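A short worksheet on the structure shown next.
Just so it is clear, the model here is predicted, and its values are computed rather than measured. For reference, positions follow the sequence shown, starting with 1. The analysis underlying the following values was restricted to heavy atoms, covering all of them including side chains, and did not include hydrogens, waters or symmetry mates.
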Amino acid sequence: MKKRKRKRFYKNVKRNQTWTEELQGREIDFADKYADDGVYSDKFDYLRPKQKSKNKGKKLREKTKKTVKILCYAVVCLAVVFAGYAAMDVYMIRHRMPDLASAVADKDDSFSKLSLNLESYYIESVSLDHAIMLSSVVADAQSYSFSSVAFDIKREDGSVAYKSALANVDAYSAVAFPAAKFKESITELNDSNILPVGIVCCYRDNIVPEQDNALAVMKSKKKVYTDKNGNTYLNPDSDAVYRYIKDIIAEAYNYGVKVFVLSQTKLPAEISGDYKDGFAVISKKLYADIGKDIKLLEAVDVSLSKKAADQNSKELSEKIKKTLKENQMYYIRTSADKNVIKEKLEESGITDFILADK
């Protein structure tokens, strides 16, 4: 019987000692199952050195640029908002009506009792043409925040500055260089929230006394009185003189003017005491005859030099005081910059004035 050949088992003692091929690859790690597309990752990944991104500086610059852009947009938006509010304030100031809130408490709640703050600048009556010149007047008033414009109804030389239909005005040929369209222009000013203010020179007059001595202040029975400048005057005690002035104011009122500044209500000092002149006397009569739907103001004449607009000049504060009597306003004649004078007046708390050329 043949013997079965015994199966041999080899020991591992000398295994790999005669391996002929070079080792390739890397040792197998148990975390290889977490490898993704050849990028090794495990819980100790944060300990391994990271490759610096080449675009990191570019991304930082883009982020900074974006932040600056957002800040710029924010600043622009804030500037637009503030500019809008400022523009609205300017618009409201320039388009405001005179402040009528300070009406005097009285049983007779009439226009004559209202205390008006009138910041006016003087214009020639010929500008009331209801056309190009008037449009320029309205634009200037709104641009420089004037609440009203003042113009002559009866000038200091006695001439009437609008086309009057009064018989006595026509008889004395008193109309000169009149407004082309007075009534229409007054309506346009009111519609533009600019108060029209008529200036009436009451007693100084170089036209009527020359033609009718009965209405003039006389030096003697045959000689008309003249002051040192050669001006003549209407007689305040004459009923005909009063009717002449009243009829002119009443006609202008019918055309739409409600505020009148009366100048030259007193005669020269050397003769004033001999007549019943003055603002109080004539205004009382006018209110009684025309009614309380008008406002009469007394002009306080002031003359300022060109230097009054200088920053260090004290001329304005010396000649103009804040305290005016009731129903008075300053009639300021100056060759200085009107806008600078206006600012100085406002800073001093003075809001009742007419600025005219000297």
Side-chain angles (χ1 to χ4, degrees), residues 92-104 110-125 127-128 134 137-155 161 185-202 249 252-253 255-265 279 282-283 286-287 290 292-304 316 319-334 338-357:
M92 292 176 70
I93 290 171
R94 291 177 179 174
H95 291 75
R96 74 189 189 279
M97 281 293 287
D99 184 12
L100 305 181
S102 54
V104 178
S110 61
F111 187 75
S112 65
K113 295 295 182 180
L114 293 176
S115 179
L116 304 178
N117 293 330
L118 298 178
E119 297 185 359
S120 306
Y121 79 98
Y122 175 85
I123 62 170
E124 294 291 344
S125 298
S127 299
L128 303 176
L134 183 63
V137 167
V138 172
D140 288 344
Q142 293 174 343
S143 176
Y144 298 109
S145 304
F146 283 97
S147 61
S148 59
V149 292
F151 45 85
D152 289 313
I153 298 294
K154 180 177 178 289
R155 300 186 182 97
S185 298
I186 297 303
T187 300
E188 184 174 338
L189 287 172
N190 283 320
D191 291 343
S192 301
N193 291 332
I194 299 171
L195 193 67
V197 177
I199 303 173
V200 179
C201 180
C202 292
I249 292 175
Y253 167 67
Y255 286 152
V257 182
K258 296 183 69 174
V259 179
F260 296 90
V261 176
L262 308 183
S263 67
Q264 301 296 326
T265 58
F279 174 79
I282 191 170
S283 62
L286 291 170
Y287 279 133
I290 300 176
K292 298 296 181 68
D293 196 35
I294 62 172
K295 180 70 176 178
L296 301 175
L297 298 168
E298 181 182 8
V300 178
D301 290 315
V302 176
S303 180
L304 296 177
L316 188 144
K319 290 186 176 182
I320 299 177
K321 306 299 180 184
K322 186 176 180 180
T323 53
L324 279 171
K325 293 180 181 179
E326 186 179 0
N327 296 324
Q328 286 185 333
M329 72 180 301
Y330 285 111
Y331 190 4
I332 303 169
R333 293 175 172 86
T334 180
K338 304 296 187 299
N339 297 318
V340 175
I341 297 298
K342 178 177 181 291
E343 290 177 2
K344 283 194 169 188
L345 289 168
E346 291 173 338
E347 289 172 0
S348 301
I350 298 167
T351 57
D352 294 291
F353 57 82
I354 298 171
L355 291 177
D357 291 329

- Task: Evaluate side chain to side chain contact (heavy atoms under 4.5 Å, CB included) for Leu324 paired with Ile350, printing each intermediate quantity in order.
- Result: CA-CA 9 Å; Leu324 279 171; Ile350 298 167; 5.5 Å; no
Is there a side-chain contact between [X] and [Y] (heavy atoms, below 4.5 Å)?
X: Val302; Y: Leu316; answer: no
X: Ile332; Y: Leu304; answer: yes
X: Ile123; Y: Asp140; answer: no
X: Glu346; Y: Lys342; answer: yes
X: Gln142; Y: Asn193; answer: no
X: Leu195; Y: Ser147; answer: no
X: Ile282; Y: Cys202; answer: yes
X: Asn327; Y: Phe279; answer: yes

Please name all residues satisfying side chain to side chain donor-acceptor pair (under 3.5 Å) with [X], sequence neighbours left out, ordered by chain then number.
X: Asp352; answer: none
X: Asn339; answer: none
X: Glu188; answer: His130
X: Lys319; answer: Glu315

- Message: Can you tell me which residue among Val257, Val197, Ile354 is in a side chain to side chain contact (heavy atoms under 4.5 Å, CB included) with Phe151?
- Response: Val257
What is the distance from atom [atom1] of [X] to atom [atom2] of [Y], rounded to the nearest 0.5 Å?
X: Tyr253; Y: Asp293; atom1: OH; atom2: CG; result: 3.5 Å
X: Ile153; Y: Tyr255; atom1: CD1; atom2: OH; result: 10.5 Å
X: Leu296; Y: Leu262; atom1: CG; atom2: CG; result: 5.0 Å
X: Tyr330; Y: Lys321; atom1: OH; atom2: NZ; result: 8.5 Å
X: Ser283; Y: Ile290; atom1: OG; atom2: CD1; result: 11.0 Å
X: Leu114; Y: Lys292; atom1: CG; atom2: NZ; result: 12.0 Å

- Message: Just to verify, what does Tyr121 make a ring pair (Phe, Tyr, Trp, His ring centres under 6.0 Å) with, not counting sequence neighbours?
- Response: Phe146
- Task: Carefully, step by step, assess Leu118 and Leu297 under the rule side chain to side chain contact (heavy atoms under 4.5 Å, CB included).
- Result: CA-CA 11 Å; Leu118 298 178; Leu297 298 168; 3.7 Å; yes
- Between Phe111 and Ile294, what is the shortest heavy-atom contact and its length? CD2-C, 3.7 Å
When you measure from the side chain of [X] to the backbone of [Y], do you find a donor-acceptor pair of N or O atoms at a distance under 3.5 Å?
X: Lys154; Y: Cys201; answer: yes
X: Lys295; Y: Ser112; answer: yes
X: Tyr331; Y: Ala356; answer: no

- Item | Pair Glu298-Lys325, side chain to side chain contact (heavy atoms under 4.5 Å, CB included): steps then yes or no | CA-CA 9 Å; Glu298 181 182 8; Lys325 293 180 181 179; over 6 Å; no
- Query: For Asp152, which residues count as a side-chain contact (heavy atoms from CB on, under 4.5 Å) partner, sequence neighbours excluded?
  - Reply: Tyr122, Ser125, Arg155, Ala161, Ile199
- Task: Kindly determine whether Glu119 and Phe353 satisfy side chain to side chain contact (heavy atoms under 4.5 Å, CB included), including the steps that lead there.
- Result: CA-CA 5 Å; Glu119 297 185 359; Phe353 57 82; 3.6 Å; yes
